Amino acid sequence: MLELGRLEDLPADYRAALTAHNLVPLWPSLRSLLPPDAPRPATRATHWSYETLRPLLLRAGDLTPIEKAERRVLVLANPGHGLERMQASAAIYLGMQLLLPGEWAPAHRHTPNAVRMIVEGDGAYTTVDGEKCPMERGDLVLTPTGLWHEHGHDGDQPVVWLDVLDLPLVHYLEASYHVDGPRQAVRPGRTDERYAGAGVVPSPMFQRDGAGRPYPVLRYPWSRTRAALEALAAAQHADGAVQVTYVNPETGADVQNILGYHALMLRPNQQLTLPRRSPAAVFHVIEGAAELSAGDHLHAMQLADTCAVPGFCTVTLRNPSDRTPAFLFVADESPLHRKLGLYETRD
Ligand code: GTQ
């Protein structure tokens, strides 16, 4: 490859003149902007242990009252981007949020899309667009762009959930902002009950609301997702991948515009090498345990642990148990890459 000129090769007075006029020579930076063959991601394969994180999050509950935090969250920051940037990958933000019994995180709406994956505790709920969504372990609750949401907790133990947002991308686009609002009036009925049967949807002719809404389902209960994975595993080749994607049941499209969400089952002792793909991804253990190898690194993931991996990286997952299946929640940047025409898989 051609050796390109360096910044130091240019006379100091010339460089100073360029700087004074807001000009920059391309050639010294061309190779880092357009590296050969594949990107050089800042995102590093990173593992956050729940056992380590949990006591620190509970301590935040002692140190900072909810009124002083609004959202009491420890951000899972990828050191490859610098912790202060608070991003897990180029487009993915991860946070562990704690709500204590009786606490209330007030209503707001914002441009970034969010989802919550419930990690532990009973009795909390999120009200999204007037719909009260109970939060039970493994449930996925959507708070899509622009919809009002607030969190409450009627139980007697701490509740913890994983927040996944497309905040780094929306912030990068200078499109990130929020609006505060009053407590929402709760509408009766739950859309996850209306869409309980895969393959059938409520007939549009009888739907006064719901049909045609961009986010017809806001809560995907774990019991149903788990049952779908078990059924798929029973129906599928014994060493095949057992993964489902959270979709909008009206359109079959990904549930959100930017990030994609999936649930993966690893049979006892199953080892699964994922296709090498352009989007970065995040893995979170809902049940059981999993070993994740990404490049040269091996991460022994325990219950509720979370790992981020860069794009273009070979990821192998293995269930170390010879008796019980493992269940993982997966978030990735694939809808974004597909929409932008950047999606690739490599051998
Ligand atoms: O619960 O609304 O982790 O607005 C970051 C921003 C959670 C939330 C986060 C938020 C929220």
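Just so you know, these numbers come straight off a predicted model, no measurement behind them. Order of listing sets the numbers, starting from 1, for every ligand and every atom in it.
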For this session: Under the salt bridge (Lys or Arg N to Asp or Glu O under 4.0 Å) rule, what do Arg54 and Glu120 come out as? Steps first, then yes or no, please.
Result: CA-CA 10 Å; Arg54 186 177 187 276; Glu120 70 164 283; 2.6 Å; yes

Exercise. Nearest to atom 9 (C) of ligand 1 by heavy atom, Asp163, Thr143, Leu162: which?
Worked result: Asp163

Problem set entry | Between Glu150 and Thr126: side-chain donor-acceptor atoms closer than 3.5 Å | no

For this session: Starting from atom 6 (C) of ligand 1, find the nearest protein heavy-atom neighbour and note its residue, name and distance.
Result: Leu165 CD2, 4.1 Å

Exercise. Salt bridge between Asp180 and Arg109, side-chain N to carboxylate O under 4.0 Å?
Worked result: no

Exercise. Hey, what's the ring geometry for His110 with His108, parallel, tilted or perpendicular (30° and 60° as the breaks)?
Worked result: perpendicular

Exercise. Which of these, Thr316, Val315, Asn319, Leu264, sits in a side chain to side chain contact (heavy atoms under 4.5 Å, CB included) with Leu272?
Worked result: Leu264

Exercise. Is it true that Arg116 lies under 4.0 Å from ligand 1, counting heavy atoms only?
Worked result: yes

Problem set entry | Nearest protein heavy atom with distance in Å, relative to atom 1 (O) of ligand 1 | His151 NE2, 2.8 Å

Seminar exercise, completed: Counting from 1 in the order shown, the ligand 1 atoms closer than 4.0 Å to a non-hydrogen atom of Val73 are 3 (O)

For this session: Please identify which atoms of ligand 1 are closer than 4.0 Å to at least one heavy atom of His110.
Result: 2 (O), 4 (O), 10 (C)

Exercise. What is the closest protein heavy atom to atom 5 (C) of ligand 1, and at what distance does it sit?
Worked result: Tyr93 OH, 3.5 Å

Exercise. In terms of residue, atom name and distance, what is the protein heavy atom nearest to atom 8 (C) of ligand 1?
Worked result: Arg71 NE, 3.0 Å

Problem set entry | Carboxylate-amine/guanidinium proximity below 4.0 Å for Glu287 and Arg226 | yes

Exercise. Does ligand 1 have an atom under 4.0 Å from some heavy atom of His108?
Worked result: yes

Problem set entry | Connected via hydrophobic side-chain network under 4.5 Å: Val159 and Tyr125 | no

Exercise. At under 4.0 Å between heavy atoms, which part of Gln97 makes contact with ligand 1: side chain, backbone, both or neither?
Worked result: side chain

